[in-house]
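Heads up, the thing below is written out as structure tokens.
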Amino acid sequence: MPLDFEKQSYWHARFAHEENFEWLVPSATFTALIEPHLTAAGAAARILHLGIGTSDLHIDLRRRGFERVANVDYEPLALERGRQLEEQVFGDVRMGYLAADVIDSAGEGKKYYDLAIDKCTADAVACGRNDAVLAMAENVRQCLSDSGVWISLSYSASRYDLDGGDFEGGLPFEVEVVGKIPTPKQRVTDPDVFYWCYLLRPKRL
């Protein structure tokens, strides 16, 4: 990934002309993979969608009955596009759209959300300062309810192999791989490469 993925100016310029782009896999593929966790959360779950970008993940969530979704991005163009797409598809806007930096402030309230979801957002964040993913994790932890979890799709098999940094005790989550998606091969002899789906449960204080 280019280093300018960490810069808001990059995303502003990109979203000025980009209408739709899905990171790693289509949204429906991702939600099908995490279906057991969505079902367990229930339709009334309060969901924090980190880094809406120009994805239609929020649309797939609403189709599945989830409307208490806060779609977060630090670029207003992404939020406006997401809001317009929801109205275009459903005829109204029921989800929330929040301008925030997932490193500095991930959600509207503390310990409020039942589920946090990101599709490659942590990967983009990782292009920033050395402790950027730890900073994101700390903010997400503060926004989750006591029983809440974070589900993250990443291209990296070691995205959350973190320790130390600015946060005492390292990553404030227990991490489990709950699925992996094979990437397309150019040749049958190519090595197996996967996208990784992580379930992060807050560590007990």
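Predicted model only: the values in this text are computed from it and were never measured. Just so it is clear, the values below take in all heavy atoms, side chains as well, and ignore hydrogens, waters and symmetry mates.
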For a quick test of reading the model, state the closest non-hydrogen atom pair linking [X] to [Y] and the distance between them.
{"X": "Leu134", "Y": "Gly170", "answer": "CD2-C, 3.9 Å"}
{"X": "Ala100", "Y": "Val72", "answer": "O-CG1, 3.7 Å"}
{"X": "Leu33", "Y": "Gly179", "answer": "CD1-CA, 4.2 Å"}
{"X": "Ala122", "Y": "Val133", "answer": "O-CG2, 3.8 Å"}
{"X": "Val125", "Y": "Val102", "answer": "CG2-CG2, 3.7 Å"}

Q: Please confirm whether the backbone N or O of Pro172 pairs with a side-chain atom of Glu138, one donor and one acceptor, at under 3.5 Å?
A: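 Checking the backbone N and O of Pro172 against the side chain of Glu138, no donor-acceptor pair under 3.5 Å is found.
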Q. Is there a donor-acceptor pair closer than 3.5 Å between any side-chain N or O of Lys119 and the backbone N or O of Val25?
A. yes
Q.
Determine whether Trp150 and Asp118 satisfy the following criterion, side chain to side chain contact (heavy atoms under 4.5 Å, CB included), listing intermediate values before the conclusion.
A. CA-CA 8 Å; Trp150 174 17; Asp118 87 273; 2.9 Å; yes
Q. Do Ser152 and Arg159 get their side chains close enough for a donor-acceptor pair, meaning under 3.5 Å?
A.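 There is no such pair between these side chains.
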Distance in Å, [X] [atom1] paired with [Y] [atom2], rounded so as to fall on 0.5 Å steps:
{"X": "Asp60", "Y": "Phe66", "atom1": "CG", "atom2": "CZ", "value": "10.0 Å"}
{"X": "Ile52", "Y": "Glu75", "atom1": "CD1", "atom2": "CD", "value": "12.0 Å"}
{"X": "Phe173", "Y": "Lys203", "atom1": "CZ", "atom2": "NZ", "value": "10.0 Å"}
{"X": "Arg187", "Y": "Lys185", "atom1": "CZ", "atom2": "NZ", "value": "10.5 Å"}
{"X": "Arg68", "Y": "Tyr113", "atom1": "CZ", "atom2": "OH", "value": "10.0 Å"}
{"X": "Asp123", "Y": "Leu153", "atom1": "CG", "atom2": "CG", "value": "8.0 Å"}

Under 4.5 Å between any side-chain heavy atoms of [X] and [Y], yes or no?
{"X": "Asn71", "Y": "Asp73", "answer": "no"}
{"X": "Thr54", "Y": "Arg81", "answer": "yes"}
{"X": "Thr31", "Y": "Leu61", "answer": "yes"}
{"X": "Asp114", "Y": "Ile47", "answer": "no"}
{"X": "Ile151", "Y": "Cys197", "answer": "yes"}
{"X": "Tyr97", "Y": "His58", "answer": "yes"}

**Q.** Exceeds 12 heavy-atom contacts within 6.0 angstrom, atom CZ of Arg64
**A.**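 More than 12 within 6.0 Å, yes.
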Q) Going by side-chain heavy atoms closer than 4.5 Å, which hydrophobic residues are tied to Phe90, directly or by a chain of links? A)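 Listed partners: Ile59, Leu85, Val89.
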Q. Who are the side-chain contact (heavy atoms from CB on, under 4.5 Å) partners of Val175, not counting sequence neighbours?
A.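 side-chain contact (heavy atoms from CB on, under 4.5 Å) list for Val175, sorted by chain: Tyr160, Leu171, Tyr198, Leu200.
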Q. Taking only residues two or more places apart in sequence or in another chain, which ones pass side-chain contact (heavy atoms from CB on, under 4.5 Å) with Val193?
A.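 Testing Val193 for side-chain contact (heavy atoms from CB on, under 4.5 Å), a comparison that skips the adjacent residues, returns Thr183.
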Q.
Between Arg83 and Glu80 (salt bridge meaning N to carboxylate O under 4.0 Å), is one present in this structure?
A. yes
Q: Check step by step if salt bridge (charged side-chain N to carboxylate O under 4.0 Å, His left out) holds for Asp56 and Arg63.
A: CA-CA 11 Å; Asp56 64 2; Arg63 285 195 178 113; 5.5 Å; no
Q: Identify which one of Leu57, Leu48, Leu50 satisfies the side-chain contact (heavy atoms from CB on, under 4.5 Å) criterion when paired with Ile117.
A: Leu57
Q.
Quick one, Thr29 with Leu24, criterion side chain to side chain contact (heavy atoms under 4.5 Å, CB included). Give me CA distance, side-chain angles, the key distance, then yes/no.
A. CA-CA 10 Å; Thr29 301; Leu24 306 188; over 6 Å; no
